[in-house]
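What you are looking at is a predicted structure, and each value in this text was computed from that prediction instead of being measured. Numbered from 1 within each chain, the chains take letters A, B, ... in sequence-line order.
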Amino acid sequence: MDAFDSKRILLADADAFFVSVARLVDPEGAGRKKLLIVGGSPDGRGVVTSASYEARAYGVRSAMPTGKALKLCPGATVVGVPRKECVERSKAVRVILQDFSPSVEQASIDEFYIDMSGTEGLFGPDLKFTADEIRKRVLEETGLPFSIGGGTSKLLAKLAAQRAKPHLDNDGVYIVAPGDEIEFMRLHRLGEIPLIGPKFVERLEKIGLQNVEQALRLDADAMVALMGERTGRWFYRRIRGLDASRVRAGRPNKSLSHEGTFARDISNDAELEKRLLAFSTRVAADVRKKRMKAKTISVKIRYHDFKTRQANSTFTYPVSADRPICEEALTLLRRLRKARNAPVRLLGVSLSHLNPATGEWQQLGLFGDPEKGMETDHDIVLSKAVDNITTKFGHKGIVRATEVKPREKD
DNA sequence: TCTGGGGTCCTAGGACCC
DNA sequence: TCTGGGGTCCTAGGACCC
């Protein structure tokens with residue numbers, strides 16, 4: 001169906017988003033540096049979040065350790081990530097985009113899918129013209145340069161946005177016309193196609209597929225024979241630019257998490273538990289702020305040798321109070337430490353299976369004995385008090401004591 | 001050079017139920 | 001006594017993205 005339907009999808013993707021924001025926030029400092037790196041400090045365990053196009057010319061890439069980036073580009077200036085401002089400006093961009101279509105999906109802090117299907121009456125049939133208008137308005141009102149890609153699927157819009165980037169001598173917009181999809185896909189290496197990562201490329205090479213051209217010669221049945229029903233059919237469509245996924249506006253979070261890498265590895269369990277409680281109360285507060293409750297908690301630990309382990313558990317009823325979340329986090333951490341007691345570089349807590357906090361769950365708690373992790377009215381009142389304090393004084397204003405007495409477990 | 005922090009989605013095995 | 005299939009939930013791990 002989507003081979004000949006008339007979907008018109010844009011992807012607006014910021015150019016070096018974190019770099020742009022850092023420059024807007026500090027025009028006299030970062031704003032004046034051509035060779036700019038945004039990310040963690042080089043003496044700690046920082047990595048590059050984003051680098052200016054000038055710095056990228058030296059081989060600097062995001063996720064690269066900052067120390068290595070500075071070796072490649074010694075003249076660069078490193079500044080921290082202006083998190084709060086990035087979130088604020090990202091929101092401002094979304095609001096502008098919503099003027100052009102009600103169907104805007106925020107795919108990350110700096111990427112927005114816009115479904116323009118059916119807007120021809122408002123903006124005319126020329127997607128390129130509309131995309132130019134959008135770029136102009138976003139730049140004028142937020143100071144942020146964006147590139148925009150367009151096509152008949154989210155996948156094509158995404159790939160087109162890469163082609164639109166200014167460092168490729170483009171004017172910031174690239175639209176794949178209906179009917180040109182296959183020709184456009186031929187321009188790409190397999191690994192450039194979103195969701196075809198290094199592992200999948202390796203697998204494709206093993207079965208003799210080096211590029212899109214070779215893959216296009218196989219029919220769907222051959223793909224299925226090579227890589228299984230699901231993956232085969234998915235890949236067959238993928239290399240043709242076919243992607244039926246819809247632009248979904250206002251998707252709620254599926255999980256919320258906090259994690260941190262320590263300046264130095266930690267071996268002391270009491271110290272780890274203290275850190276764990278700090279992450280736990282922060283993520284619990286985030287869930288409450290979103291008026292959600294979580295059914296599942298997960299504790300993640302990364303050891304000095306980078307081996308990563310995770311332990312999950314599911315509550316009988318969704319929770320958002322500090323008490324059950326901290327207790328269960330401790331139980332999970334102790335389980336992980338029992339399995340392996342080695343120095344730890346990273347600790348994290350994630351809450352998932354989020355439900356809107358409607359209140360009906362608390363009522364269920366009135367019946368029978370309290371079960372594993374079930375929160376009481378008292379827990380909820382306490383957490384509200386904690387939220388009031390952190391609103392005024394931040395997360396350092398109140399800290400949960402390390403000694404949480406775990407309830408008796410069976 | 002020594003590897004961040006925030007997410008989404010998929011798989012696979014086992015438990016449990018019908 | 002043995003043999004099933006399907007569905008759902010849970011846990012753990014991993015690929016992938018920005």
Worksheet item: Can you tell me how far C1' in C:dC17 sits from the matching atom in B:dG4, rounded to whole Å?
Response: 14 Å
Discussion item. Against the six-membered ring of A:F112, is A:R94 placed for a cation-pi contact (under 6.0 Å from the centre, within 45° of the normal)?
Written reply: no
Worksheet item: Between residues 188-196 of chain A and DNA chain B, which residues have a heavy-atom gap below 4.0 Å?
Response: none
Worksheet entry | Secondary-structure stems, DNA chain C, at least 3 Watson-Crick or G-U base pairs under 3.5 Å | B:5-18 with C:5-18
Worksheet item: Quick one: CG on A:L24 to CG on A:L144, what's the gap to the nearest 0.5 Å?
Response: 5.5 Å
Item to complete: Indicate, with a heavy-atom threshold strictly under 4.0 Å, whether A:K158 touches base, sugar-phosphate, or nothing.
Response: sugar-phosphate
Worksheet item: Touch check for A:G46, heavy atoms < 4.0 angstrom, all strands: base, sugar-phosphate only, or nothing?
Response: nothing
Discussion item. Base, sugar-phosphate or nothing for A:L256? Non-hydrogen atoms, less than 4.0 Å.
Written reply: sugar-phosphate
Worksheet item: If you look at every strand shown and take non-hydrogen atoms under 4.0 Å, does A:G197 touch a base, only sugar-phosphate, or nothing?
Response: sugar-phosphate
Item to complete: Without swapping roles, check the side chain of A:R345 against the backbone of A:Y303 for a donor-acceptor pair under 3.5 Å.
Response: no
Worksheet item: With a non-hydrogen cut-off below 4.0 angstrom, is A:R335 in contact with a base, only sugar-phosphate, or nothing?
Response: sugar-phosphate
Discussion item. Under the side chain to side chain contact (heavy atoms under 4.5 Å, CB included) test against A:R240, which residue among A:I182, A:L156, A:V212 passes?
Written reply: A:I182
Fill in: Range on DNA chain B touched by chain A - first to last nucleotide, heavy-atom distance under 4.0 Å
B:dT1 to B:dT11
Practice prompt. Answer with yes or no whether the side chains of A:H258 and A:D286 bring together a donor and an acceptor at under 3.5 Å.
Written response: yes
Item to complete: Look at atom CZ of A:F129 and say whether more than 12 heavy atoms of other residues, nucleotides or ligands are closer to it than 6.0 Å.
Response: no
Item to complete: Under 4.0 Å between any heavy atoms, over every strand shown, what does A:F306 touch: base, sugar-phosphate, or nothing? Just pick one.
Response: base
Worksheet item: Which sits closer to the 5' end of DNA chain B, A:R83 or A:G67, going by the nucleotide each is nearest to?
Response: A:G67
Item to complete: Check whether any side-chain N or O of A:N170 sits under 3.5 Å from a backbone N or O of A:R163 as a donor-acceptor pair, and report yes or no.
Response: yes
Practice prompt. Give a yes/no verdict on a cation-pi contact between A:R264 and A:F262, requiring under 6.0 Å between NZ or CZ and the six-membered ring centre and an angle within 45° of the axis.
Written response: no
Item to complete: Would you indicate what A:A311 reaches in the nucleic acid, counting non-hydrogen atoms under 4.0 angstrom: base, sugar-phosphate, or nothing?
Response: sugar-phosphate
Practice prompt. Please work out if A:L346 contacts a base, only the sugar-phosphate, or nothing of the nucleic acid, heavy-atom cut-off 4.0 Å.
Written response: sugar-phosphate
Worksheet item: Does a donor on one side chain and an acceptor on the other come within less than 3.5 Å for A:S350 and A:Q310?
Response: no
Practice prompt. Decide whether A:S147 and A:D15 meet the rule of one side-chain donor and one side-chain acceptor closer than 3.5 Å.
Written response: yes
Fill in: Check: A:S117/A:R8 side-chain N/O donor and acceptor closer than 3.5 Å
no
Worksheet item: A:V47 or A:R251: which one's nearest nucleotide on DNA chain B is closer to the 5' end?
Response: A:V47
Item to complete: Could you tell me whether A:R61 contacts a base, only the sugar-phosphate backbone, or nothing, with contacts defined as non-hydrogen atoms closer than 4.0 Å?
Response: nothing
Worksheet item: Taking the side chain from A:T231 and the backbone from A:G228, do they hold a donor-acceptor pair closer than 3.5 Å?
Response: no
